[in-house]
Every structure is written in C-alpha cells, then in structure tokens.
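Numbers restart at 1 for each chain; the letters A, B, ... are given by sequence-line order, proteins then strands.
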Number of protein chains: 2
Amino acid sequence: MNDDDGEPGHAKLVHLLRAVTVEYGLRQAEFAARNGMHATDVRALISLLDAARADEPATAGRLGARLGLNSAGTTAVIDRLERLGHVARVRDARDRRRILLRVEPGAFRLGREFSGPPIDAVLDVLDAFGPAERDAVRRFLTAALAGFSPKPGA
Amino acid sequence: MNDDDGEPGHAKLVHLLRAVTVEYGLRQAEFAARNGMHATDVRALISLLDAARADEPATAGRLGARLGLNSAGTTAVIDRLERLGHVARVRDARDRRRILLRVEPGAFRLGREFSGPPIDAVLDVLDAFGPAERDAVRRFLTAALAGFSPKPGA
DNA sequence: CCGCGCTCTCTCGCTGAGCGAGATTATCGC
DNA sequence: GCGATAATCTCGCTCAGCGAGAGAGCGCGG
C-alpha cells in the first residue's frame, strides 16, 4: 500500500484500522460458518438489527441496497434467514408490494453473541476516556467513514 | 444489536466503528467489480501489499490462512490474480514446495488507487492531532482489534 | 374509475467462488 | 535412500449472487 508517506505514527494508526476491518471480516465469516450461515447473512442480520434498534422500517429492498446485492440475491438472503427462523416476512399493510422483515428473538441472541464481546472490550476502554479523547476517536472514525464514501471515478 | 447499555456517547462510537467496517466492505466489493475482480481478490491483494511493505515472505499458504480460505480456494485466488497480471508465482529456491508471490507494479497502482483516498483523508485529520489524541485513537483501535481475536466458544 | 407507468419482490437459468478429498512434488529425520 | 510430513494443485461439487424478466400493487392523469 506504500503509505509510508505521512508520519510513521500516523501510518501505524491507518494500519491498525485496516487490521480491525480485516479481523472483523474474518470473524464474520467464521461466526457465519459456526452458525450454518454465510458472511452475507451475518451482515444482513447486523443490518436488520441496526435498523430494528433505530426503529427504521426494514424492507427487502433497503436490505439489498445496504448489502450491495441485486433483488435476486436479496430474495435469496432473506430466504436463508427465514429458513433459519431468524427473520419473518411480513407484508406491509400500507404498501402491499413491500415486504417488512421482522427480526425474531433468536436473531437478537445471535447478534449479541457476535457483537457482544468486541463491543464490551471497546466500551471498557472508552469508559476510561475523557471527553477530549472520545472526541478524538469520533473525529478519526468520522474521517475514515467519509474517506470511503465519495465516489471518485465511478 | 441492543448495545444501548453503556453510555450513549460510547455506543455511538461503537456504531461509527461498525459503520466504517461495513463501508469498507462495500467499497471493496465495488472496487473489485470495477476492476474485474471479486472482494476476495481485493482482500488478497491488500494482504500481499501489506506483506510486501513489511518485507514478509508472501507464500500461497500464508495468504490462504490470512483470507480464511482452504488450499483449493487459495489456488483459485492466485490463479485469478496471476491471470490479471497482478502477481507472479515464483518457486522458493530454499524450499521448492513453496510458491512465493511476487506483486507486480500494476497491483501496487491498484492498491494505491483503492486505499489512497481514504488513507489521505485519515492522515489529514491525524495531522491536526496531538500525541494524546493519537494515543487515544491507538488505544481504541487496539481494544477493538483485541476484542475480536479471542476465540470464546469455537 | 380505468388504464398506464412505475416500484417492489420473486422466479428462472446461469456463472463461478470456495469446499472436501485426494494426487503430486519437495523437504527432512532416520 | 525411505517413510513421514508439508505445500500446492486438480477434480468434482454445492450454492451465492447476477441478469433478465414476470407478477403484483401503487398512484396519477384523463
């Protein structure tokens, strides 16, 4: 990646961040395999759980967009999650073209099982942080997030 | 994910981190598609570039382990990267069972094209950081990384 | 109130990523 | 040298995800 430009202390942080994302991906795949799923299914579950927590409506289309899947792939993901009993398809009464995805209790448990330990570890460290330090982390992560999103060439 | 325990300021940072990893995954897939590859190939390239920068030997086996693939899948990844001219297979003279993977110039360019913008964005923010803030970020990321790695139940 | 375009989801057929099993080739201790 | 072990590759298979298009429901204009 040749990001040796910048100060060494800076580059190390960038590498740490990448290491985190890589590790996260591996853990997802491993957890998925342990639970008879695929990485995409775990991502879908997390996406659905996030939406549930934020009280956002979770439709099939939205999920597919979030995962970068086309409609056929999205249907397949939902089929798999439904077969495992993690979500249920519910026709939207307002707009009956839509499928609302209801997250079942087992899925919440799975989500906690997957995300719980790392979240606790991070919260542990954050507890010792002062406001300035938390803000530093926040600015760093925000920059990282913004650094990805722009579509340069497309 | 029901991580509403912990202080709200803390939870937000956890969600930010997850958002970063999710976005990173999507960008990988998108970039891969733009360059006639798959997400796994991009991950492999990044892994190889990291190894090259650290002057670590990059063998087929190591790569597969890093990506969580079995030997057959690893061979397939290398086949694809080789076909695209991004890596070359080189027999290790010391141990001729081993295949060393030489990263070709085009791959370095690809790597920079993918990682450059986000890295620059992050470095930009880090430049304005003092040592204490950088250390806060470092501790946060280290905790996140450590939080993933342990194998609880297996 | 009916038709028409648009949106959302699903079905079908297909490509190819990744797996398991086992073959192949090379190293090493004896 | 020879058997045990290690690294990689080959083969056959399963199934994730894609493209194309069908079907059902919405809502607007006439």
Could you tell me whether [X] contacts a base, only the sugar-phosphate backbone, or nothing, with contacts defined as non-hydrogen atoms closer than 4.0 Å?
X	answer
A/Arg94	sugar-phosphate
B/Asp95	sugar-phosphate
A/Gly68	sugar-phosphate
B/Thr40	sugar-phosphate
B/Thr59	sugar-phosphate

How close or far is atom [atom2] of [N] from atom [atom1] of [X], stated in whole angstroms?
X	N	atom1	atom2	result
B/Leu81	D/dT8	CG	P	15 Å
A/Leu84	D/dC15	CG	P	13 Å
A/Asp41	D/dA16	CG	P	7 Å
B/Asp92	C/dC28	CG	P	11 Å
A/Leu100	C/dT7	CG	C1'	15 Å
B/Asp79	C/dG16	CG	C1'	13 Å
B/Ile99	C/dT24	CD1	P	18 Å
A/Arg96	C/dC10	CZ	C1'	16 Å

Closer than 4.0 Å, any side-chain N/O of [X] to the OP1 or OP2 of [N]?
X	N	answer
A/Arg97	D/dG25	no
B/Asn70	C/dG18	no
B/Arg89	D/dA7	no
A/Arg98	C/dT9	no

Check your understanding: Side chains of B/Leu100 and B/Thr59: does their closest heavy-atom pair fall under 4.5 Å?
Key ->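 B/Leu100 vs B/Thr59: side chains touch.
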
Practice item. May I ask you to decide if A/Ser71's main-chain N or O and A/Thr75's side chain share a donor-acceptor pair within less than 3.5 Å? Key: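 Checked: pair present.
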
Review point. Just by distance, do the side chain of B/Asp41 and the backbone of B/His38 share a donor-acceptor pair under 3.5 Å?
Key: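 Such a contact is found between B/Asp41 side chain and B/His38 backbone.
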
**Study point:** Among C/dA26, D/dA20, C/dA17, the one nearest A/Ser71 by side-chain distance
**Key:**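 For the A/Ser71 side chain, the nearest candidate turns out to be D/dA20.
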
Review point. Among D/dA20, D/dC11, D/dT8, which is the nearest nucleotide to the side chain of B/Ala72?
Key: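 Nearest nucleotide to the side chain: D/dC11.
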
Point to revise | Over all atoms of both residues, closest heavy-atom pair of A/Phe108 and A/Ala52 | key: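 Nearest heavy atoms, A/Phe108 then A/Ala52: CZ-CB, 4.4 Å.
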
Review point. Which pair of non-hydrogen atoms, one from A/Val14 and one from B/Leu123, has the smallest distance, and what is that distance?
Key: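 It is CG2-CD2, 4.0 Å.
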
